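Treat the numbers as computed from the prediction; the structure is a model and nothing was measured.
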Amino acid sequence: MASVLRLYNAALIRRPVLAQSATAAVLFGAGDVIAQQVIERQGKNHDFMRTARLTFYGGAFFGPALTKWYQLLNRIKFSSPTKAVVYRVWLDQAVLTPVVVGFFFGTMSIMEGKGISGAKERISTAYAPTLIRNWGVFIPTQIINFAIVPHHLRFVVVSVVSLFWNTYLSAVNASSQHQEVIESGKSTEK
C-alpha cells in the first residue's frame, strides 16, 4: 500500500493535471454510485449513463480546472501565512465556487439533453441551496487545507471530502432532474 501511495504522490508532482483529473473522474463516479445505491437505493436500476456523465465531468472539466486553479493560488504570494490562508479560502469560495456550482448544473443538464433552457431551470432551482451547503462543507475544509497541507496534496484533501460532496451533488442533480420531469408533466396536463 505504501508503494502505491508513493507512486501516486510522485504522479501528483510530475503529472498533476493527469493525476488529479483521474482522481476527480474516479471520485465523481464513485460519488454517483454511492448516491444511487446507498441514498436512492436504485439496486439493479442503476443509471450507468448518469455515472458516466459524472465521471466524465470530473475527469474532463473539474480535475483540470481545479488543478490549474490550485496552481494559480499557490503562485500568489502573501505577506503572512495567516493572510495566505484567509485570502486563498476567500478566493476559492467567493470566486471559483459560485462559477463551479453553476457550471456543474448547467453541464449536467446539457449532457442529459435538456439544452440551455433546461440548464437555466436547473440552475435557478438548485444553485443557491447547493452553494450555501458547499460553503458549510468547504470553508472549514479549505481553512485546514490551505493552513497545513502541502500544496501538491491539496487537491487530494479536497477530493476525499468531495467523495461525500459528489454523492450529495449527484443526489441533488437527480432530484432536480426528477422535479423537472414532474413539473413538465403538470404543464402538459393543463
Side-chain angles (χ1 to χ4, degrees), residues 5-32 34-35 54-55 57-108 119-120 122-173 175-176:
L5 291 176
R6 274 195 302 279
L7 286 171
Y8 182 67
N9 190 46
L12 287 170
I13 293 168
R14 278 191 234 123
R15 305 284 307 261
V17 174
L18 180 63
Q20 293 174 2
S21 295
T23 300
V26 168
L27 292 175
F28 266 83
D32 181 63
I34 292 168
L54 281 149
T55 301
Y57 175 86
F61 298 118
F62 187 81
L66 225 59
T67 301
K68 292 301 180 184
W69 175 251
Y70 284 137
Q71 289 172 347
L72 172 69
L73 290 181
N74 291 334
R75 284 195 301 268
I76 301 172
K77 302 300 175 204
F78 299 95
S79 60
S80 74
T82 302
K83 283 186 179 179
V85 170
V86 169
Y87 285 115
R88 285 181 176 138
V89 170
W90 183 83
L91 286 167
D92 189 67
Q93 293 301 303
V95 175
L96 178 72
T97 298
V99 173
V100 168
V101 170
F103 185 74
F104 171 78
F105 287 119
T107 303
M108 287 296 108
K120 287 179 183 177
R122 182 153 322 150
I123 290 167
S124 72
T125 304
Y127 180 81
T130 302
L131 185 61
I132 291 165
R133 286 185 185 100
N134 174 88
W135 289 333
V137 171
F138 282 102
I139 288 175
T141 300
Q142 292 296 51
I143 290 170
I144 293 166
N145 203 17
F146 289 124
I148 62 174
V149 176
H151 67 87
H152 73 283
L153 295 176
R154 289 178 181 156
F155 184 88
V156 177
V157 169
V158 169
S159 294
V160 169
V161 174
S162 289
L163 175 61
F164 302 101
W165 180 250
N166 295 340
T167 300
Y168 167 77
L169 273 182
S170 178
V172 167
N173 188 57
S175 174
S176 295

Task: Stepwise side chain to side chain donor-acceptor pair (under 3.5 Å) test for Asn74 and His152 - done: CA-CA 9 Å; Asn74 291 334; His152 73 283; over 6 Å; no
Task: Stepwise side-chain contact (heavy atoms from CB on, under 4.5 Å) check, Asn145 with Phe138 - done: CA-CA 10 Å; Asn145 203 17; Phe138 282 102; over 6 Å; no
Open item on the list: Go through it in stages, so that I can follow the logic: the residues are Ser159 and Thr23, the test is side-chain contact (heavy atoms from CB on, under 4.5 Å), and I'd like the CA-CA distance, side-chain angles, deciding distance and then a yes or no.
Closed with: CA-CA 7 Å; Ser159 294; Thr23 300; 3.8 Å; yes
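Annotation: side chain of Phe164 is not in contact with side chain of Ile34 (no heavy-atom distance under 4.5 Å). The closest side-chain heavy-atom distance from Tyr168 to Thr130 is below 4.5 Å. At a threshold of 4.5 Å between non-hydrogen side-chain atoms, the residues Ile144 and Val157 do not count as touching. Using a 4.5 Å heavy-atom cutoff, the side chains of Leu66 and Leu96 are in contact.
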Can I get a per-line list of side-chain donor-acceptor pairs under 3.5 Å for residues 81-92, giving both atom names and the distance, sequence neighbours left out?
{"residue": "Arg88", "atom": "NE", "partner": "Leu73", "partner atom": "O", "Å": "2.9"}
{"residue": "Arg88", "atom": "NH2", "partner": "Leu73", "partner atom": "O", "Å": "3.1"}
{"residue": "Arg88", "atom": "NH2", "partner": "Ile76", "partner atom": "O", "Å": "2.9"}
{"residue": "Asp92", "atom": "OD1", "partner": "Trp69", "partner atom": "NE1", "Å": "2.9"}
{"residue": "Asp92", "atom": "OD2", "partner": "Gln142", "partner atom": "NE2", "Å": "2.8"}

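Under the ring-ring contact (aromatic ring centres under 6.0 Å, His included) criterion, Phe62 pairs with Phe28, not counting sequence neighbours. Applying the side chain to side chain contact (heavy atoms under 4.5 Å, CB included) criterion to Arg15, with sequence neighbours excluded, gives Leu18. For Lys68, the side chain to side chain contact (heavy atoms under 4.5 Å, CB included) test picks out Val17, Gln71, with sequence neighbours left out. With sequence neighbours excluded, the residues forming a side chain to side chain contact (heavy atoms under 4.5 Å, CB included) with Thr55 are Ala25, Thr51, listed by chain and number. Qualifying ring-ring contact (aromatic ring centres under 6.0 Å, His included) partners for Tyr8, counting only residues two or more places apart in sequence or in other chains: none. For Asp32, the salt bridge (Lys or Arg N to Asp or Glu O under 4.0 Å) partners are Arg50, not counting sequence neighbours. Every residue meeting the side-chain hydrogen bond (donor to acceptor under 3.5 Å, both in side chains) condition with Thr67, not counting sequence neighbours, appears here in chain and number order: Gln20. For Ala19, the side chain to side chain contact (heavy atoms under 4.5 Å, CB included) criterion is met by Ala11, Leu12, not counting sequence neighbours. Looking at residues two or more places apart in sequence or on another chain, you find no ring-ring contact (aromatic ring centres under 6.0 Å, His included) involving Tyr127. Checked against ring-ring contact (aromatic ring centres under 6.0 Å, His included), Phe104 has the following partners two or more places apart in sequence or in another chain: Tyr57.
Nearest heavy-atom pair, Phe105 versus Ala126, reported as atom, atom and distance to 0.1 Å: CZ-CB, 3.6 Å. Taking all atoms of both residues into account, the shortest heavy-atom contact from Gly58 to Pro64 is O-CD, 4.3 Å. The heavy-atom pair separating Ala94 from Pro98 by the smallest distance is O-CG, 3.5 Å.
A distance of 7.5 Å separates CD1 in Ile13 from CG in Leu153, rounded to the nearest 0.5 Å. Taking CH2 from Trp165 and CG from Leu27, the interatomic distance works out to 15.5 Å, rounded to the nearest 0.5 Å.
Looking at Arg154, its side chain does come within 3.5 Å of a backbone N or O of Val149 through a donor-acceptor pair. With hydrogens and angles disregarded, a donor-acceptor distance shorter than 3.5 Å links the side chain of Trp135 to the backbone of Gln93.
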